[in-house]
Novice: 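Pasting a structure below so you can have a look.
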There are 2 protein chains.
Amino acid sequence: MRNGTKIAKEPRPRGRPRGFITSEVLERVRDVFLAKGFAAASLDELCAAAGLNRPSLYAAFGDKEQLYISMLRHIGQGSVEAMDAILSGPDPIERRLGRLYKGAIDIYTRPPNPPGCIIVGTATVEATSHPAIGAAANQILASFEKAFERGFIASHLQPAPSPAERASMAAAILTATGIRARLGVPAADLRAFTKSMIPVICR
Amino acid sequence: MRNGTKIAKEPRPRGRPRGFITSEVLERVRDVFLAKGFAAASLDELCAAAGLNRPSLYAAFGDKEQLYISMLRHIGQGSVEAMDAILSGPDPIERRLGRLYKGAIDIYTRPPNPPGCIIVGTATVEATSHPAIGAAANQILASFEKAFERGFIASHLQPAPSPAERASMAAAILTATGIRARLGVPAADLRAFTKSMIPVICR
DNA sequence: ATATTTTTGTACCACATCGCATATAAATGC
DNA sequence: GCATTTATATGCGATGTGGTACAAAAATAT
């Protein structure tokens, strides 16, 4: 790793160091956004949850829209990594899908968090008024679909439907599950739903 | 229809008659709610769109939440009727489903309205803060699923998956389509998606 | 030690919001 | 005619909103 005088330990930046960690702040404001949605989440609540004052939040993330998008991207990135980890396993695709859906339903319904998927559950409504939010959410959903597609490509299924079509369907099931969870459908019903869809997707 | 002295023409109620028609008001506020969502829609905008003053709106519908729920129920009822009309046709279920999805995508993407389904697109985010909204949306989605189920029962498909399972899947596809439409997916892509799903649902 | 740079904390502003109080208008019952 | 009932119109006040100015604090560079 030696390149000239650069040392691994990068030097501290110039001024006063930050009193927070970016990923932690993003995960805390996520709870507020998940509970209230983007529009109804006030800066007071966001600052309180983040443990930051308003100027600090603004200096670090920009306005509310940019903060929200940063949070979305952070969650989306972690989700894709988790999906890849599950979908790249050695067992049959049906089992991998089952584990993925089960994990998602856990996240969507586990107290004390408000139920539902934050992406399709809170970003969707803002897409019209805040196109950047819609675009970010769309990118994330597309990356989910890509993750599914990688999983199907790595499996040995009949050529039709294509991996892309199966991925599109699997992503649609995940989307609908996230919506239904937020609307109050019990976790057991969601599990039964996804379980019944897996053989249809993998036929 | 003759029962005693009751005449078909019911007598006008006592005071000053209303200067508006309920269904028209609900359809006008729908445009605002669809564009901004529930939380971001202000009473000023709603009143302007409805052509009513604030006290009139409150007297007729109650507060913003009740107005929104009335609007949702109105739209949901009309949607179920439209679904039944399409799904009860004489041609094969594949064609009926195709017409239904095509009609839905038209509604979801036709200018000048903002894109997406108002139910899954705007009610979902409020379900946590406004349980009554979540419950109403859930009821409507359940009635959609029932409509699908009636369509599948009236068709002659293999017993597995059951009509209820097929209906659940068809409804999930419709939900995901409404979400994707709002996030900006072009109508052509949505049509290709639903078209590819129909044979999977009806196999 | 002093200067520089970045973060933090307090206070603030202009503005929009919801819900209501009050007054007027338009219909019916007697 | 007059009283009653309901709907409409105007306007207001208390509260909360997103965003920012300014000074103090905490680190590094020289």
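Convention: sequence-line order gives letters A, B, ...; per-chain numbering from 1.
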Novice: If only atom types and distance count, is the side chain of A:R150 paired as donor or acceptor with the main-chain N or O of A:L87 below 3.5 Å?
Specialist: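 Here the side-chain-to-backbone pair does not exist.
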Novice: What is the separation between atom CZ on B:F20 and atom P on C:dA25, rounded to the nearest whole Å?
Specialist: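 These atoms are roughly 20 Å apart.
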Novice: Verify the contact: side-chain N or O of A:K64 to OP1 or OP2 of D:dG19, cut-off strictly under 4.0 Å; return yes or no.
Specialist: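 Indeed not, no polar side-chain atom of A:K64 lies that close.
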Novice: Within the structure shown, what part of the strands sits under 4.0 Å from B:A41 by heavy-atom distance: base, sugar-phosphate, or nothing?
Specialist: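 Sugar-phosphate, no base atom in range.
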Novice: I'd like to know if A:R54 reaches the base of C:dG9 with its side chain, counting only an N/O donor and acceptor under 3.5 Å.
Specialist: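 For A:R54, whose side chain was compared with the base of C:dG9, there is no donor-acceptor pair (under 3.5 Å).
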Novice: More 5' along DNA chain D: B:N53 or A:E45, using each one's nearest nucleotide?
Specialist: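 It is B:N53 whose nearest nucleotide is closer to the 5' end.
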Novice: Using atom OH of B:Y68 as one end and atom P of C:dC18 as the other, report the distance to the nearest whole Å.
Specialist: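 Atom OH in B:Y68 sits about 16 Å away from atom P in C:dC18.
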Novice: Rounded to whole angstrom units, what separation is found between the CZ atom of A:F61 and the P atom of C:dT7?
Specialist: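 So the CZ-P distance, A:F61 to C:dT7, works out to 11 Å.
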Novice: Nearest of C:dA27, C:dT17, D:dG18 to any side-chain atom of B:D44?
Specialist: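 Side chain of B:D44 sits closest to C:dT17.
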Novice: Can you check the B:R18 CZ to C:dT28 P distance for me, whole Å?
Specialist: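 About 16 Å, once rounded to whole Å.
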Novice: So, the side chain of B:R96 versus the backbone of B:I86: is there a donor-acceptor pair under 3.5 Å, distance only?
Specialist: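 No; judged by distance alone, with no hydrogens or angles, the pair does not exist.
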Novice: Is a salt bridge present between B:R180 and B:D189, judged by a nitrogen-to-oxygen distance below 4.0 Å?
Specialist: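 No, this pair does not count.
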Novice: Send over the distance from B:L43 CG to D:dG11 P, rounded to a whole Å.
Specialist: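 Whole-Å distance recorded here is 18 Å.
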Novice: Is there a side-chain contact between B:R203 and B:L157 (heavy atoms, below 4.5 Å)?
Specialist: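 Counting from C-beta outward, B:R203 and B:L157 never come under 4.5 Å.
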Novice: Nearest to the side chain of B:P17, heavy atoms from C-beta on, is which of D:dG19, D:dT8, C:dA26?
Specialist: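 Comparing D:dG19, D:dT8, C:dA26 against the side chain of B:P17, the answer is C:dA26.
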Novice: Kindly give the heavy-atom pair with the smallest separation between B:V120 and B:I179, and that separation in Å.
Specialist: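 Taking every non-hydrogen atom into account, O-CD1, 3.7 Å.
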Novice: So, is A:S56 near the phosphate of C:dT8, with a side-chain N or O under 4.0 Å from OP1 or OP2?
Specialist: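 Yes, within the criterion.
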Novice: Can you measure B:D63 atom CG to C:dG19 atom P for me and round it to whole angstrom units?
Specialist: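 B:D63 atom CG is separated from C:dG19 atom P by 6 Å.
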Novice: Could you check whether B:S42 gets within reach of a base, just the sugar-phosphate, or nothing at all, counting any heavy atom under 4.0 Å?
Specialist: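 It contacts sugar-phosphate atoms only.
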Novice: Compare the minimum distances between each of C:dT7, C:dC18, D:dA26 and the side chain of B:Y58, then state the nucleotide with the smallest one.
Specialist: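 Out of C:dT7, C:dC18, D:dA26, the nucleotide with an atom closest to B:Y58's side chain is C:dC18.
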Novice: Measure the distance from CG on B:L57 to P on D:dT10 and round it to the nearest whole Å.
Specialist: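 Taking CG of B:L57 and P of D:dT10, I get 16 Å after rounding.
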